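We name chains A, B, ... by the order of the sequence lines, and we start the count at 1 in each one. The structure presented is a predicted model; accordingly, all values stated were derived computationally and were not measured. Note: hydrogens, waters and symmetry copies are ignored here, and every other heavy atom, side chains too, is used.
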Amino acid sequence: MNIREYLTKLNPEQVQAVQHEGSPLLILAGAGSGKTSVITAKIAYLIAEKGIRPSQILAVTFTKKAASEMMERAIRLEPLASKAQIRTFHSFGSWFLRFHAAEVGISSNFTVYDDSDMVTLVSKAVPSLQKKNAAHYAHLISLAKDYCLAWDSPELAELDSDPDFPEIYRQYENRLRETGNVDFGDLIMLPVILLQENESLRAYMHSRFRVIMVDEYQDSNVAQFKLLQALAGEDTYVCVVGDDDQSIYRFRGAEVQNILTFQDHFPGTQIIKLVRNYRSVAPILSNADSVVSNNKGRLGKNLVSVRGEGGKPQLFFFANQDEESAFCSDMIREAHKKGCPYSDWAILYRTNAQSLNFETEFMHKKIPYSVVGSLKFYEREEVKDALAVISFLVNPRDELSFRRIVNKPPRGVGDVTQDKIIAKAAENRADVENLVPKLGLVEACLDLLPSLPKKARASLKEFLDTVSELSAMLGDEEPDFGSFEDDSDTTPDARVDKPGGAETAEVSDGKVDSASVAEVSDAVSMRAVKGAKATSLFAGDSPLTLADFIEEVVKKTGLLEYHEAQDEIAGTQKVANLQELYNSAAFFDCSRKGLLDFLDHIELDRAAEDNSDDTSDAVTLITLHNTKGLEFPRVIITGMETGVFPRADKTEDELEEERRLFYVGITRAKDELYFTSCASRRLYGRTDFMEVSPFLMELDAENLEVYGRQPAAFRRNFQTLHGDVGSGSGAGSGSSRSGRSGTGSGAGFGKDASRFGASGSAANSENSRFSSGSGSSARGRVLNTNAAADDDFDDELETVWRKGKRVYHDDFGYGYITNAMYSDEGMYIITVAFECGRKKSFMPAYQSASFMLCGD
DNA sequence: TCACAGTGACTTTTT
DNA sequence: GTCACTGTGA
């Protein structure tokens, strides 16, 4: 479909936004309002209809995932869009810095230090700091950089009044410059500084990019705003898209003010609101609206549902997270039997730690799932080790990588010696007036070698030999980063995309400078050239890829052996993970440039790992933050408890952010939405009683169905806030519920509705599973809690769930009640010793299908 | 320098 | 319950 046809499918506001020109444009795009469609259409439109050269368009997004999706969709409308610069902020900064590294005193071979690297570097720069404090300061430093504040900036005090902070920041910064590397914050902040100080560079950039678009603008931070400001000249067309209600990264420096005050900074701004929601059915949207309207500082807009009526969201209360996950898996499995694919489902939670329960449960029930985000693959020890070697190879000043690998496996080069080597290197560099990159840590090692103990001397020497051998395999030509210029007029057709499509968003990257020879910068031919060279080193005929190289690195440095031994001891998967790492490097060429590309790819792209053509049908487990920009037909938002979501100790402002996060979660759902909340939850191996999340009280009673034992606080507040909800809402008393549970929302909730809705000893096919009569009747009573006053009920509990009774639990099997007592909160608690040897505590008041009495 | 054991802290969220 | 840091002893 070309862009003209496409425009006919858009609504009037969308068309207006696509065709708008002249003034700066702020598109306020509500959730599910087709914002990506608008941006991609706009890119295509500018190229196809307005004659803008693709390379003059810069589109910046927040995540790489978003960048590749945008690129893909734009290309579908207009193939030339492949030459536009569609990048994340950080990848843009990285690209920019490669060409201007020297001007800010870094190596153009820099790699990016991640957060944990920052912590290590802080503690090395300021040795007196405890590890815990180092983490605190590292966090502060990155926050400072998000606000574009240098160590000597007077405004630093506003961030944190700690008098030590500026000095620590300074020490860190010095040390970081020594290494020639950068951290995440630098990727934005350094370009800003460069552009602010260098007028001709600024002028050049103004001519380089005529159009700049920013997606997810509500999540941009001050530094990113300044970058935008510096990049945009008088004639630059600036268009930003965002939704103030979806700003969820303030904790990391994102500044809602950026979007709220956009018009002030870009005079003459036109605002277009997109409020037609194409994603969710009306009841879901009205709950979203009901929640977010509790926030104060917002621009304000109401989404209009295009899809119209649908099932109401359902809220479930459980005893604990085992029931919660069991319920989710049951519901998903039931739906699957009726033909609903697993991939329709997403389970959302606040913190990554919560995924564990679901993973265990799903594994148990053989439901396929994939966890998004928390896959800390690149943070694993063995992977970081291998990466450290190659980082060190491309940047021999990289202190952290050096430290990481020089004594692994143990070579007798401990902390003390390492410090000496680093100091020596600094000394060496100070001697020579200008910084010659060759004067790295290897040279420092060689200088110190004679002074070391015999054993250390030999093994360090061996290490250095390995390093130089590996380095030689890469060749010694300087990496060619392609051209910084806009060269789209030169030889556009001669370009070859990188293989495997691994770098869709980077296509415009490896451009051919008209002056340089094509073979050098083109990824494919580069690989061929390298491969030919390398065949002498390797027996095989196939060209050497980065995968082969990394494998070689791991073998030669002894890391493979080391981790093999670890696997042996601890039964871990380190070697397998290394194998995985080789695989992911297969599409990069074996050269210094290839290594840098690969490292960039990893460093700037952690979230997008699961892109591995996930065609398999699986439930998505994902944190609320990670869902931004995604949608699912059926969504379950779990852990709706105070302390979990929202987290405890939130200020009013932060609470608003948590609420926006909740809003984001709700608006991911297309057809069905569920909330779950637990009365108790295991945290740090301890079981805590939980209060309901205050957000639940903000849901729209008219469009919500409530099941399970409602905590008193919820019952009280929900009804106070919303008045007497009456029988129609489903949020009323237990008795009114049972009547309508059969219908429910009708969707995906067959058998389970009866679990909650059935009262007393109603014949429930599920009951037959559970042994004796006394068991099922006790269970019936338990389930019918809302109808009975708590006091009466607890008397019953004491007689039914008494010490010595035999019980059965789905997960643990049979056991006996060994203890029964009341907690401080007045809850009746029993302890059960199971035959499997485990001891568990339960609150019988909340137990349902997974746990029951067996009769005597 | 390194291995081990005990202790304490920990859970936001991510480019 | 787990992990990682800290300090001690060889």
Nearest whole Å is fine: how far is [N] [atom2] from [X] [atom1]?
X: A:Arg682; N: C:dT2; atom1: CZ; atom2: C1'; result: 14 Å
X: A:Leu348; N: B:dT13; atom1: CG; atom2: P; result: 14 Å
X: A:Leu599; N: B:dT15; atom1: CG; atom2: C1'; result: 16 Å
X: A:Asp146; N: B:dT13; atom1: CG; atom2: C1'; result: 14 Å
X: A:Ile141; N: B:dT15; atom1: CD1; atom2: P; result: 20 Å
X: A:Tyr349; N: B:dT13; atom1: OH; atom2: P; result: 10 Å
X: A:Arg250; N: B:dT15; atom1: CZ; atom2: P; result: 20 Å
X: A:Arg681; N: B:dC10; atom1: CZ; atom2: P; result: 20 Å

OP1 or OP2 of [N] versus the side-chain N and O atoms of [X]: is any pair under 4.0 Å?
X: A:Asn352; N: B:dT11; result: no
X: A:Thr623; N: B:dT14; result: yes
X: A:Asn221; N: B:dT15; result: no
X: A:Asn626; N: B:dT14; result: yes

Main-chain N/O of A:Gly558 paired to A:Glu561 side chain as donor or acceptor, under 3.5 Å: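 Judged by distance alone, no pair lies under 3.5 Å.
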Which nucleotide, B:dT12, B:dT15, B:dA3, lies nearest any side-chain atom of A:Glu658?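 It is B:dT12.
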Nucleotide nearest A:Arg647 when distance is taken to its side chain, options B:dT12, B:dT15, B:dT13: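 Shortest atom-to-atom distance from the side chain points to B:dT12.
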Given DNA chain B, 5'-ward residue of the pair A:Leu661 and A:Thr417, judged by closest heavy atom: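 Closer to the 5' end of DNA chain B: A:Thr417.
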Closest-nucleotide 5' rank along DNA chain B - winner of A:Arg350 and A:Asp115: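 That would be A:Arg350.
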Would you say A:Thr179 and A:Asn181 are linked by a side-chain donor-acceptor pair, where the criterion is simply a distance under 3.5 Å?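 Not at all, the side chains of A:Asn181 and A:Thr179 share no donor-acceptor pair under 3.5 Å.
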Is A:Asp215 salt-bridged to A:Lys35, going by a charged N under 4.0 Å from an acidic O?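 A salt bridge is present here (some side-chain N lies under 4.0 Å from a carboxylate O).
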Do A:Asp243 and A:Lys628 sit within salt-bridge range, that is, some charged N less than 4.0 Å from a carboxylate O?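 Looking at A:Asp243 and A:Lys628, the cut-off is not met.
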Less than 5.5 Å between centroids and less than 30° between ring planes, does A:Phe89 satisfy that with B:dT15?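 Answer is no, no stack.
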For the side chain to side chain donor-acceptor pair (under 3.5 Å) test, which of A:Asp398, A:Asp385, A:Asp117, A:Thr120 pairs with A:Arg404?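 It is A:Asp385, the one option of A:Asp398, A:Asp385, A:Asp117, A:Thr120 that forms the side chain to side chain donor-acceptor pair (under 3.5 Å) with A:Arg404.
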I'd like to know if A:Arg252 reaches the base of B:dT14 with its side chain such that a donor and an acceptor end up less than 3.5 angstrom apart.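 Side chain to base: pair found, below 3.5 Å.
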